[in-house]
Amino acid sequence: MAIEDEIISDITAPQSGELSEHAKEYLSVLNPEQYEAVVHEGSPLLILAGAGSGKTRVITTKIAYLIGEKGVNPHSILAVTFTKKAANEMHERAIALEARAEFSQIKTFHSFGAWFLRVYAEDAGIDPNFTVYDDDDVVSLIQKAEPKLTKKEAAVYARKISLAKDYCLLPDSPELSMREEFLNPTDFAEVYALYEKRLRATGNVDFGDLILLPYLALKENAALREKMYHRFRVIMVDEYQDSNVAQFKLLEALSGLSEGSGTYVCVVGDDDQSIYKFRGAEIQNILNFPKIFSGTKIVRLESNYRSTSEILSLADNVISNNSGRLGKTLRAERGSGKIPVLAFLPNQDDEVHFCADLIQKSHEMGVPYADWAILYRTNAQSLGFESEFVRKKIPYQIVGSLKFYEREEVKDIVAWLELLANHKNEIAFHRIVNKPARSVGSKTQDSIVETARLSFQNDIIASCRERLPKLSAKAKSGISQFLEIIDEVESLFGEDTTAGGELANDVVSEHTDELKKRESKQTLAKLIEEIAKKSGLLAYYEERDKEEHTFRVENMQELANSAVPYPLARQGLLDFLDNIQLDRTLSTSEEEINPDSVTLITLHNTKGLEFNRVVMTGMEEGVFPRNGDDEEEMEEERRLCYVGITRAKNELYLTSCAVRRMYGHIEYMKCSPFLLEMGTEGIKAIGHKPSRYTNSSFHGGDYGERGLSHPDVESDPIKRKYTRGTKIFHDDYGYGIIVNTTITDEGEFGITVSFENSGIKRFLPKYQESQLMVVKE
DNA sequence: AGTGCAACTCTTTTT
DNA sequence: GAGTTGCACT
């Protein structure tokens with residue numbers, strides 16, 4: 001690891017004295033708390049950063065400041081976040097402030113783990129050519145380890161194993177039997193142990209291992225820890241409220257905070273935005289941080305620069321119902337804006353139409369589609385919006401959809417790549433050896449894997465070669481074809497088949513990659529195309545595309561396209577696999593995503609994002625919040641609601657349906673308790689208000705009887721408000737006078753307005769209340 | 001080995 | 001209601 005040692009040798013001494021002009025400039029835009037956080041040094045730092053409080057600015061400015069003003073070597077700065085998107089944004093913004101930040105490690109927790117394991121594979125006791133198993137692969141592997149389990153049962157074990165790893169629990173951890181969730185199935189620990197053994201035999205890792213294995217390696221190896229203390233002098237963690245136990249232990253081991261390493265640790269988070277408990281996030285990490293690390297300085301960022309005061313006050317009304325908060329009140333620096341709108345709608349079709357209308361009408365007035373985000377609790381809810389948007393030709397983009405990598409044809413190609421990277425990958429072997437059919441049945445496959453285990457250190461390809469002469473005629477021909485394909489595609493690597501991950505993801509490797517790419521002009525895309533051709537998958541899917549009118553070949557090509565930036569070499573292959581395995585949510589290939597499109601996104605996925613106009617849909621009990629009973633889960637849902645509201649900069653809309661189709665049944669929905677918590681004061685409710693909603697404002701907490709709709713008592717006030725001759729102001733059209741009022745065929749109250757500058761328009765005021773204002777003279 | 005039909009579950013949320 | 005899984009049949 002010569003490179004590693006080289007990097008740590010040139011940490012420049014801290015400079016003293018005057019700030020550079022550049023630094024004065026970027027520090028001058030900070031508020032006092034932000035400034036304090038940026039220049040703080042000498043003890044651990046906990047930044048409690050409310051939504052929209054400029055947290056990313058603080059982190060990136062701090063990185064720039066440390067490098068530019070404090071003489072910290074950019075290589076010795078590590079910053080981790082939870083999503084690739086956030087990591088990339090942070091890196092770019094840091095570079096914009098300070099070019100040398102390019103050399104800092106700014107990545108997700110998991111991709112940091114992958115980097116660490118490649119570089120220190122030996123210390124961690126694993127093969128440096130590992131690839132990462134996704135959840136489906138884990139389930140398959142559990143079934144291989146314990147064949148009597150059905151897929152469903154195996155999935156239960158898979159989920160719990162993943163959770164156990166988040167909690168940093170191994171099969172033999174005594175704590176495993178102390179936690180309720182691991183008590184059944186009663187043989188959980190045994191299956192977990194079997195799985196671990198089998199997983200190690202494949203030479204692969206799962207997601208949990210990316211955190212757990214680096215931690216274990218550090219824990220058992222003082223020399224390695226020492227190395228890390230020199231390698232990383234500054235460690236920052238973003239979204240710290242969602243870190244899990246394993247991540248905390250990794251951070252602790254990496255920083256040596258308890259060992260007096262002198263590493264500077266800065267964590268940033270917001271306890272009100274902790275929304276990943278189901279995935280093992282441990283909110284105690286942030287609540288107890290100051291207790292665990294004595295001398296911790298706490299800085300609170302409570303100035304919100306994102307949302308209008310109307311939006312923030314709704315957010316505060318909701319979150320203040322939670323107990324056990326560190327406590328924090330956001331100040332709306334932007335001042336006041338439009339009042340949020342709550343639409344009660346008959347059913348989910350109306351919900352979809354309402355959103356589409358809102359977007360389309362605003363677009364006609366020049367509002368870009370990209371202003372809008374549709375938020376929902378579960379992925380399933382996106383379907384209705386998708387079809388409606390397609391129909392109305394509204395461009396949209398779904399964030400966080402795993403669809404691309406879940407496609408059969410994509411998984412096939414990826415399995416080929418994985419097997420090439422790691423000949424021990426049993427799951428990948430099973431997937432591709434007989435596809436298209438080569439008469440290699442499951443019995444033959446199992447016997448080959450068994451032989452690999454017994455005689456070839458799990459190398460399945462070696463096992464294939466050895467078993468070849470002894471197989472039945474059919475299987476023999478199939479396996480020999482298979483081996484031929486393997487040989488042909490492996491020859492594409494040329495002489496560069498040596499294993500090695502020393503340079504992974506470091507700047508140095510990027511340069512070498514760049515050189516190699518230019519020299520050979522060959523990229524990984526070529527490998528993928530060859531695999532598709534030689535394996536017969538191309539022909540196979542061409543045939544199926546014709547019959548089924550699908551676009552599978554296109555998808556394979558798209559995968560190939562996304563591999564163009566990677567060199568045709570072993571390292572390029574591993575980098576590419578890391579990239580797709582650790583970033584499944586983003587469609588890697590930036591295939592013609594319309595830059596001006598509406599965002600469809602789950603509430604969870606919105607963390608860290610912001611939009612001018614936000615619609616929170618499905619505000620119904622049972623949808624959001626999902627379960628109403630458990631108070632702890634309720635608090636997490638409430639935090640999720642808080643996250644959703646605070647994504648909105650200028651306009652917030654909420655929709656709630658009276659009836660929703662679920663499963664195949666019609667469900668009569670109650671409106672979400674969160675709507676009641678928001679109160680009725682700061683929100684404009686339109687549509688048929690359920691009695692539960694109208695009654696609640698008088699006695700908070702008592703949500704009233706279940707009920708759908710009251711007779712519409714609200715239409716009268718509206719009619720009274722918009723009378724002929726009234727002067728109004730419309731956000732899009734400006735000032736005008738109501739020249740006529742009508743009742744439509746559907747019984748809706750309509751007005752005709754003559755605008756000073758926009759001609760004559762007709763409206764249904766009920767649906768325009770957010771844009772319409774009566775002007776008092 | 002591959003096809004077709006019947007029965008079942010499923011809705012959290014994701015690196 | 002749909003998509004998936006498992007079984008039985010060819």
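Residue numbers start from 1 in every chain, and the chains themselves are labelled A, B, ... in the order their sequence lines are given, proteins ahead of strands.
In terms of phosphate contacts, A/T602 brings a side-chain nitrogen or oxygen within less than 4.0 Å of OP1 or OP2 of B/dT14. Listed pair A/N379 / B/dT13 meets the phosphate criterion, a side-chain N or O lying under 4.0 Å from OP1 or OP2.
Shown here are the salt bridge (charged side-chain N to carboxylate O under 4.0 Å, His left out) partners of A/K277, two or more places apart in sequence or in another chain: A/E632. Remark: A/E637 pairs with A/R377 by the salt bridge (charged side-chain N to carboxylate O under 4.0 Å, His left out) rule, at least two apart or across chains.
Ring pair A/F188/A/F182 is parallel by interplanar angle, where below 30° counts as parallel and above 60° as perpendicular. A tilted orientation is assigned to the rings of A/F482 and A/W416, their planes being inclined by 30° to 60°. Note: A/H604 and A/Y276 have tilted aromatic rings, judged against thresholds of 30 and 60 degrees for the angle between ring planes.
Atom CG in A/L210 sits about 13 Å away from atom P in B/dT15, given to the nearest Å. Rounded to whole angstrom, the span from the NE2 atom of A/H604 across to the C1' atom of B/dT11 amounts to 13 Å. Per the geometry, CG belonging to A/D578 stands 15 Å off P belonging to B/dT15, to the nearest Å. Protein atom NZ of A/K165 is 18 Å distant from nucleotide atom P of B/dT15, rounded to whole Å. Taking atom CZ of residue A/R626 and atom P of nucleotide B/dC10, one finds them 12 Å apart after rounding to whole Å. A straight line from CG of A/L375 to P of B/dT13 spans 14 Å, rounded to a whole angstrom. Atoms CG (A/D242) and P (B/dT13) sit 16 Å apart, rounded to a whole Å. Remark: P of B/dC10 and CD of A/E667 are 16 Å apart, rounded to the nearest angstrom.
A cation-pi arrangement is absent between A/K435 and A/Y540, since the terminal nitrogen or guanidinium carbon is not both under 6.0 Å from the aromatic centre and inside a 45° cone about the axis.
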Table please: side-chain donor-acceptor pairs of residues 639-648 of chain A below 3.5 Å, with sequence neighbours left out.
| residue | atom | partner | partner atom | Å |
| --- | --- | --- | --- | --- |
| A/R639 | NE | A/S274 | O | 2.7 |
| A/R639 | NH2 | A/E636 | OE1 | 3.1 |
| A/T646 | OG1 | A/Y642 | O | 2.8 |
| A/T646 | OG1 | A/V643 | O | 3.0 |
| A/R647 | NE | A/V643 | O | 2.7 |
| A/R647 | NH1 | A/L609 | O | 3.1 |
| A/R647 | NH2 | A/Q273 | OE1 | 3.3 |

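Of the possible polar contacts, one joining the A/R118 side chain to the A/F130 backbone as a donor-acceptor pair under 3.5 Å is found. Here the side chain of A/N425 pairs no donor or acceptor atom with the backbone of A/N422 at under 3.5 angstrom.
Remark: A/Y276, A/F278, A/R279 in residues 271-283 of chain A come within less than 4.0 Å of DNA chain B through at least one heavy atom.
Taking atom P in both B/dT11 and C/dG6, the straight-line distance is 16 Å, to the nearest Å.
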Short heteroatom pairs, N/O only, protein and nucleotides 4-7 of chain C, under 3.5 Å:
| residue | atom | partner | partner atom | Å |
| --- | --- | --- | --- | --- |
| C/dT5 | OP1 | A/K151 | NZ | 3.4 |

Please list, pair by pair, any protein nitrogen or oxygen found under 3.5 Å from a nitrogen or oxygen in nucleotides 1-5 of chain B.
| residue | atom | partner | partner atom | Å |
| --- | --- | --- | --- | --- |
| B/dA1 | OP1 | A/G441 | N | 3.1 |

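Taking 4.0 Å as the cut-off between side-chain N and carboxylate O, A/E408 and A/R552 count as a salt-bridged pair. Checked for salt-bridge contact, A/K165 and A/D209 meet the test: a charged N lies under 4.0 Å from a carboxylate O.
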